[in-house]
Engineer: 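Encoded as structure tokens, here's the structure I'll be asking about.
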Amino acid sequence: FGKTRLFGPAKNDPWKLQFGAKNRNNNRTLTATVQPWESKDGFFLIRLKVEGTNTNLLPNGEKVQFFLHNTFPNFAPVLPAYNGSAELPLIAWGAFTVGAVTDGGTTELELDLSEDPAFPPAFRLR
């Protein structure tokens, strides 16, 4: 997206406050679901999703770059949108802040996975 990304000042959460601290911007939203991963105790399945709000869908092929914790081997994957959204499934041990960029780099989104009380406490508090 033509922009170099540098980790922020939060040592254990490198993307915290680096994408505007909002999960909704320019008719786009970044959401997540988190559930225990049945295949391995203590790990969680996360599904990240960027989509358009209302009728302003992401066009098919629109690129979305996700920014994950730097412990992931590919911490900045780029995915194309399909059927109005881009989705990224992950396996993780604990919560972190996710950044996402779309619309050719003009829309930035941020979601701190430790702040959603609907997610399991064992995930949020790590």
Side-chain angles (χ1 to χ4, degrees):
F1 290 99
K3 232 176 171 182
T4 301
R5 292 286 171 175
L6 301 174
F7 294 127
K11 183 178 178 184
N12 293 326
D13 198 359
W15 298 120
K16 184 77 174 169
L17 303 177
Q18 300 304 300
F19 295 88
K22 298 184 295 187
N23 76 316
R24 177 173 271 197
N25 186 19
N26 291 339
N27 293 311
R28 306 286 186 235
T29 59
L30 169 60
T31 58
T33 60
V34 176
Q35 63 189 51
W37 188 36
E38 295 176 10
S39 298
K40 190 163 183 181
D41 251 359
F43 284 81
F44 296 86
L45 173 61
I46 305 167
R47 292 191 184 280
L48 301 173
K49 185 176 187 178
V50 172
E51 62 188 332
T53 57
N54 303 323
T55 58
N56 193 2
L57 300 177
L58 281 173
N60 282 341
E62 175 66 37
K63 289 185 169 106
V64 176
Q65 186 167 22
F66 292 91
F67 292 84
L68 312 172
H69 195 274
N70 59 340
T71 54
F72 285 91
N74 180 5
F75 64 83
V78 177
L79 297 171
Y82 180 72
N83 285 339
S85 68
E87 296 186 43
L88 178 63
L90 303 166
I91 302 298
W93 181 77
F96 54 94
T97 298
V98 178
V101 177
T102 191
D103 297 323
T106 62
T107 301
E108 296 186 349
L109 305 162
E110 183 175 313
L111 181 62
D112 184 340
L113 299 176
S114 72
E115 294 178 351
D116 192 328
F119 298 158
F123 172 77
R124 287 187 297 113
L125 299 174
R126 292 184 185 165

Engineer: Can you tell me if T102 uses its side chain to pair, donor with acceptor, with the backbone of K63 under 3.5 Å?
Structural biologist: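 Yes, T102 side chain to K63 backbone: donor-acceptor pair under 3.5 Å.
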Engineer: Is K16 paired with D112 through a side-chain N to carboxylate O contact shorter than 4.0 Å?
Structural biologist: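 Salt bridge present between D112 and K16.
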Engineer: Should the heavy atoms of other residues, nucleotides or ligands under 6.0 Å from CG of N74 be counted, would the total exceed 12?
Structural biologist: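 Above 12, so yes.
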Engineer: Look at the side chain of E62 and the backbone N and O of D103, then say whether any donor-acceptor pair between them is shorter than 3.5 Å.
Structural biologist: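 Here the side-chain-to-backbone pair exists.
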Engineer: Is a side-chain donor or acceptor of W15 paired with a backbone partner of L68 at a separation under 3.5 angstrom?
Structural biologist: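 At least one qualifying donor-acceptor pair exists.
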Engineer: CG/L48 to CG/L113 distance, rounded to the nearest 0.5 angstrom?
Structural biologist: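 It is 6.5 Å, given to the nearest 0.5 Å.
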Engineer: OG1/T33 to CD1/I46 distance, rounded to the nearest 0.5 angstrom?
Structural biologist: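 The distance works out to 9.0 Å.
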Engineer: Donor-acceptor pair, R126 side chain versus S114 backbone, under 3.5 Å?
Structural biologist: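 Side chain of R126 to backbone of S114: no pair is present.
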Engineer: For S85 and E51, work out which heavy atoms get closest and say how close.
Structural biologist: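 Closest heavy-atom pair between S85 and E51: CB-CB, 3.7 Å.
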Engineer: What's the spacing between N23 CG and T97 OG1 if we round to 0.5 Å?
Structural biologist: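 OG1 of T97 is found 11.5 Å from CG of N23.
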Engineer: Can any side-chain N or O of N26 pair as donor or acceptor with the backbone N or O of R28 at less than 3.5 Å?
Structural biologist: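 A pair under 3.5 Å: no.
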Engineer: Output the distance between atom CG (L111) and atom NZ (K49), rounded to the nearest 0.5 Å.
Structural biologist: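 That separation rounds to 14.0 Å.
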Engineer: Kindly compute the distance separating CZ (F44) from CH2 (W37), expressed to the nearest 0.5 Å.
Structural biologist: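 Separation between the atoms: 12.5 Å.
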Engineer: Short question: side chain of E110, backbone of Q18 - any donor-acceptor pair under 3.5 Å?
Structural biologist: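 Checking the backbone N and O of Q18 against the side chain of E110, a donor-acceptor pair under 3.5 Å is found.
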Engineer: Between N25 (side chain) and L109 (backbone), is there a donor-acceptor pair under 3.5 Å?
Structural biologist: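 Here the side-chain-to-backbone pair does not exist.
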Engineer: I'd like to check L45 versus L90 (side-chain heavy atoms, cut-off strictly below 4.5 Å). Are they in contact?
Structural biologist: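 Heavy-atom side-chain distance check fails, nothing below 4.5 Å.
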Engineer: Of the non-hydrogen atoms in T29 and R24, which two are nearest, and what is the gap between them?
Structural biologist: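 Heavy atoms only, the tightest pair is CG2-NE, 3.1 Å.
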Engineer: Name the one of F19, F72, F96 that satisfies side chain to side chain contact (heavy atoms under 4.5 Å, CB included) with F67?
Structural biologist: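 Only one option passes, and that is F19.
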Engineer: Please find the pair of heavy atoms, one from V64 and one from A86, that lie closest to each other, and give the distance.
Structural biologist: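 Smallest heavy-atom distance, with atoms named: CG2-CB, 3.7 Å.
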Engineer: Where is the tightest heavy-atom contact between H69 and P14, given as atom of each residue plus distance?
Structural biologist: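 Where H69 meets P14 most closely, the heavy atoms are CD2-CD, 3.5 Å.
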Engineer: Which residues pass the ring pair (Phe, Tyr, Trp, His ring centres under 6.0 Å) test with F66, sequence neighbours left out?
Structural biologist: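 Checked F66 against ring pair (Phe, Tyr, Trp, His ring centres under 6.0 Å); zero matches.
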Engineer: If we ignore hydrogens and angles and just use 3.5 Å, is the side chain of Q65 paired with the main-chain N or O of A76 as donor and acceptor?
Structural biologist: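 Here the side-chain-to-backbone pair exists.
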